[in-house]
Protein chains: 2
Amino acid sequence: MKSTSYHNFFLNFANTTRFAIIMSLIDKPLNVTEISEKIGEEQSKTSHNLKKLEHCHIIEMKKKGKQRIYSLNAETVIPVLNLIEKHIKNHCKKCDKHEI
Amino acid sequence: MKSTSYHNFFLNFANTTRFAIIMSLIDKPLNVTEISEKIGEEQSKTSHNLKKLEHCHIIEMKKKGKQRIYSLNAETVIPVLNLIEKHIKNHCKKCDKHEI
DNA sequence: ACAACATATGAATATAACATCATATGAAAT
DNA sequence: ATTTCATATGATGTTATATTCATATGTTGT
């Protein structure tokens, strides 16, 4: 599929692993190992997905010794999550009950 | 992948065909044939994708004779689009230049 | 009842996205 | 310089998702 900014952005939220990463960073920044443990996925998978999130500026990274600390771009992410949460509460009581 | 409300919701925006449908409905409601012509896709493809959008309540449908008129759930969609547009303008000058 | 139009559906195929595994890189400590 | 820890990367196989095509359904008008 053609890769656009919009496409990539939403794909990050659609993917369950990356969505879990986003959620894991809501409270505070974490390094890769901590994220992996928190979401229960292996390091390599986490790294691959962190890269995609960073590419879209959904998260930011800063180095600290041999660690890399990832943090959420809260300015965008939190409002988006709030909107969707509200939408799902209003409309999607049973949206995920039956596959589509 | 496990199907959740979040997952399905964002997948709709990530897909370029469905994103085009959403955009086609911003001005005013349209029937299936009109949407198909506006986005330049064939009727069957449009229908399949309309179904997914409707399933997530991103669009709504009302019948009018043999036509089905689809309209946007503007309450959710417009704010989401605005947030992402702003994010992309701020951060993604070159996000879609290189694949990921 | 039949034709014409509008739209939906199912199944098969094609494509895109994802996970995995093995390995590489990089940074600190010894 | 070598080991260890933290993380990234590339290639391959797998799975999820999308498109396509043929056909079905439903609605209106004759």
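Chain naming here is simple, since letters A, B, ... match the order of the sequence lines and numbering starts at 1 in each. All of these numbers come straight from a predicted model, not from anything done at the bench.
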Participant: So does B/His48 reach the base of D/dT19 with its side chain, donor to acceptor, closer than 3.5 Å?
Facilitator: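 No such pair is found, so the answer is no.
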Participant: Quick one: B/Lys51 NZ to C/dT7 C1', roughly how many Å, whole number?
Facilitator: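 To the nearest whole Å, that distance equals 12 Å.
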Participant: Can you see if the side chain of A/Arg68 gets near the phosphate of D/dA6 - specifically, an N or O under 4.0 Å from OP1 or OP2?
Facilitator: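 Result: no.
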Participant: For a quick test of reading the model: is some side-chain N or O of B/Thr33 closer than 4.0 Å to OP1 or OP2 of C/dC5?
Facilitator: no
Participant: Under 4.0 Å from OP1 or OP2 of C/dC18: is there any side-chain N or O of A/Lys52 that close?
Facilitator: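 True: A/Lys52 side-chain N/O within range (under 4.0 Å) of C/dC18 OP1/OP2.
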Participant: In whole angstrom, give the distance that lies between atom CD of B/Glu37 and atom P of C/dC5.
Facilitator: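 In whole Å, C/dC5 P lies 14 Å from B/Glu37 CD.
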Participant: Check whether any side-chain N or O of B/Asn73 sits under 3.5 Å from a backbone N or O of B/His57 as a donor-acceptor pair, and report yes or no.
Facilitator: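 Yes; at least one donor-acceptor contact below 3.5 Å.
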Participant: Pick the closest DNA chain C nucleotide for A/Lys63 and for B/Gln67 by heavy atoms, then say which residue is nearer the 5' end.
Facilitator: B/Gln67
Participant: Counting only side-chain heavy atoms from C-beta out, which of D/dT7, C/dT9, C/dT7 sits nearest to B/Asn31?
Facilitator: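 Selected nucleotide (nearest to the side chain): C/dT7.
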Participant: Any side-chain N or O of B/His7 less than 4.0 Å from the OP1 or OP2 oxygen of D/dT17?
Facilitator: yes
Participant: Check this for me: does any side-chain nitrogen of one of B/Lys38 and B/Glu34 sit under 4.0 Å from a carboxylate oxygen of the other?
Facilitator: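 Between B/Glu34 and B/Lys38 there is no salt bridge, as every charged N stays at least 4.0 Å from the carboxylate O atoms.
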Participant: Report the residue (A/Gly65 or B/Glu34) whose heavy-atom-nearest nucleotide on DNA chain C is the more 5′ of the two.
Facilitator: B/Glu34
Participant: Hey, do the aromatic rings of B/Tyr6 and A/Phe13 have their centres closer than 6.0 Å?
Facilitator: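 No, the ring of B/Tyr6 stays outside the 6.0 Å limit from the ring of A/Phe13, centre to centre.
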Participant: Strictly below 4.0 Å: does A/Asn15 bring a side-chain N or O up to OP1 or OP2 of C/dC18?
Facilitator: yes
Participant: Can you tell me the distance, in whole Å, between the CG atom of B/Leu53 and the P atom of D/dT17?
Facilitator: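 Those two atoms, CG and P, are 15 Å apart.
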Participant: Could you give the CD-to-P distance, from A/Glu54 to D/dA8, as a whole number of Å?
Facilitator: 8 Å
Participant: Could you state the atom-to-atom distance from NZ of B/Lys62 to C1' of C/dT7 in whole Å?
Facilitator: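 Computing the B/Lys62:NZ to C/dT7:C1' distance gives 17 Å.
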Participant: Under 4.0 Å between a side-chain N or O of B/Asn49 and OP1 or OP2 of D/dT17?
Facilitator: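 Negative; the distance criterion is not met.
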Participant: Hey, could you give me the OG/CD1 distance between A/Ser24 and A/Ile35, rounded to the nearest 0.5 Å?
Facilitator: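 So the OG of A/Ser24 and the CD1 of A/Ile35 are separated by 5.0 Å.
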Participant: Which part of the nucleic acid does A/Ser47 contact within heavy-atom distance under 4.0 Å: base, sugar-phosphate only, or nothing?
Facilitator: base
Participant: Between the side chains of B/Gln43 and B/Ser47, does any donor sit under 3.5 Å from an acceptor?
Facilitator: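 Present: a donor and an acceptor within the cut-off.
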Participant: Rounded to whole Å, please give me the gap between NZ in B/Lys45 and C1' in C/dA14.
Facilitator: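 From B/Lys45 NZ to C/dA14 C1': 12 Å.
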Participant: Is the distance between the ring centroids of A/Phe9 and B/His87 under 6.0 Å?
Facilitator: yes
Participant: Please confirm whether the shortest side-chain N or O distance from B/Arg18 to OP1 or OP2 of D/dT17 is below 4.0 Å.
Facilitator: no
Participant: Between C/dC18 and A/Thr17, is there an OP1 or OP2 to side-chain N/O distance shorter than 4.0 Å?
Facilitator: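 Answer is no, no contact under 4.0 Å.
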Participant: Using whole Å, what does the distance between atom P of nucleotide D/dT7 and atom CD1 of A/Ile35 come to?
Facilitator: 9 Å
Participant: Under 4.0 Å between any heavy atoms, over every strand shown, what does A/Gln43 touch: base, sugar-phosphate, or nothing? Just pick one.
Facilitator: base
Participant: Specify the separation, in whole Å, of atom CG of A/Leu50 and atom C1' of C/dC18.
Facilitator: 15 Å
Participant: Test side-chain contact (heavy atoms from CB on, under 4.5 Å) on A/Val77 and A/Leu25; report intermediate values, then the result.
Facilitator: CA-CA 11 Å; A/Val77 174; A/Leu25 293 174; over 6 Å; no
Participant: Would you say B/Tyr70 reaches C/dA6's phosphate, i.e. side-chain N/O to OP1/OP2 under 4.0 Å?
Facilitator: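 Checking C/dA6 against B/Tyr70, no side-chain N or O comes under 4.0 Å of OP1 or OP2.
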Participant: Output yes when at least one side-chain N/O atom of B/Lys66 is less than 4.0 Å from OP1 or OP2 of C/dC5, else no.
Facilitator: no
Participant: Decide yes or no, distance alone: a donor-acceptor N/O pair under 3.5 angstrom between the base of C/dA19 and the side-chain of A/Glu41.
Facilitator: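 It does not, because no donor-acceptor pair links the side chain of A/Glu41 to the base of C/dA19 below 3.5 Å.
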Participant: So does B/Ser44 reach the base of C/dT9 with its side chain, donor to acceptor, closer than 3.5 Å?
Facilitator: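 When only heavy-atom distances are counted, B/Ser44 does reach the base of C/dT9 through a donor-acceptor pair under 3.5 Å.
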Participant: Look at the side chain of B/Glu42 and decide which nucleotide, out of C/dT20, D/dC21, C/dA8, has an atom nearest to it.
Facilitator: D/dC21
